[in-house]
Visitor: 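Take this structure first; my questions come after.
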Amino acid sequence: NEKVLPWAKRLVRAHPVQKHLAIEHLKQVVPTSYTNLYGAVEMAFRHAGRGTRAMPETVDLEAIVLLSAGEPNRG
């Protein structure tokens, strides 16, 4: 979507329960409009304290998972 739709408002560990909750959330998402990949990646880094704004604490990242239904054409 053109608007970034995060599953969680914070970073979460890839625990089996969290994975199940993420999959259930994805089943409810209906792709519409454009595809804003930049906004999604920027949001992930912001949650880790590495976005465009300075954050007091950073979080070590092993991976960022980004799912898309289309080619980037916004953001």
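Because the structure is predicted, anything quoted here is derived from the model rather than measured.
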Visitor: Taking distance alone, no hydrogens or angles, what donor-acceptor pairs closer than 3.5 Å link side-chain atoms of residues 67-75 to residues at least two apart or in another chain?
Guide:
| from | atom 1 | to | atom 2 | distance (Å) |
| --- | --- | --- | --- | --- |
| Ser68 | OG | Gly70 | N | 3.1 |
| Ser68 | OG | Gly70 | O | 2.7 |
| Asn73 | OD1 | Thr35 | N | 2.8 |
| Arg74 | NH2 | Tyr34 | OH | 3.3 |

Visitor: By the rule that ILVMFWY residues connect when side-chain heavy atoms come within less than 4.5 angstrom, directly or transitively, which residues belong alongside Leu5?
Guide: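 Val29, listed by chain and number.
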Visitor: Please determine whether residues Leu26 and Val65 belong to a single hydrophobic cluster, defined as Ile, Leu, Val, Met, Phe, Trp and Tyr linked transitively by side-chain heavy-atom distances below 4.5 Å.
Guide: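 Same hydrophobic cluster.
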Visitor: Give me the atom names and distance for the closest heavy-atom approach of His47 to Ala8.
Guide: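 In terms of heavy atoms, the two residues are closest at NE2-O, 4.1 Å.
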Visitor: Mind jotting down which residue pairs meet the side chain to side chain donor-acceptor pair (under 3.5 Å) criterion with at least one end in residues 3-16? Sequence neighbours excluded, please.
Guide: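 Matches after skipping sequence neighbours: none remain.
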Visitor: Not counting sequence neighbours, which residues clear side chain to side chain donor-acceptor pair (under 3.5 Å) with Gln28? List them please.
Guide: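 Partners of Gln28 under the side chain to side chain donor-acceptor pair (under 3.5 Å) test: none.
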Visitor: Could you note down all residue pairs passing salt bridge (charged side-chain N to carboxylate O under 4.0 Å, His left out) where residues 15-37 supplies at least one of them, sequence neighbours left out?
Guide: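 As it turns out, the salt bridge (charged side-chain N to carboxylate O under 4.0 Å, His left out) pairs with a partner in residues 15-37, which skip direct neighbours, are Glu24-Lys27.
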Visitor: Which side-chain N or O atoms in residues 38-45 pair as donor and acceptor under 3.5 Å with protein atoms at least two apart or in another chain?
Guide:
| from | atom 1 | to | atom 2 | distance (Å) |
| --- | --- | --- | --- | --- |
| Glu42 | OE1 | Arg46 | NE | 3.3 |
| Glu42 | OE1 | Arg46 | NH2 | 2.8 |
| Glu42 | OE2 | Thr52 | N | 3.2 |
| Glu42 | OE2 | Thr52 | OG1 | 3.4 |

Visitor: Tell me whether Val17 shares a hydrophobic cluster with Val12, the cluster being built from Ile, Leu, Val, Met, Phe, Trp, Tyr side chains joined at under 4.5 Å.
Guide: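 Hydrophobic grouping puts Val17 with Val12.
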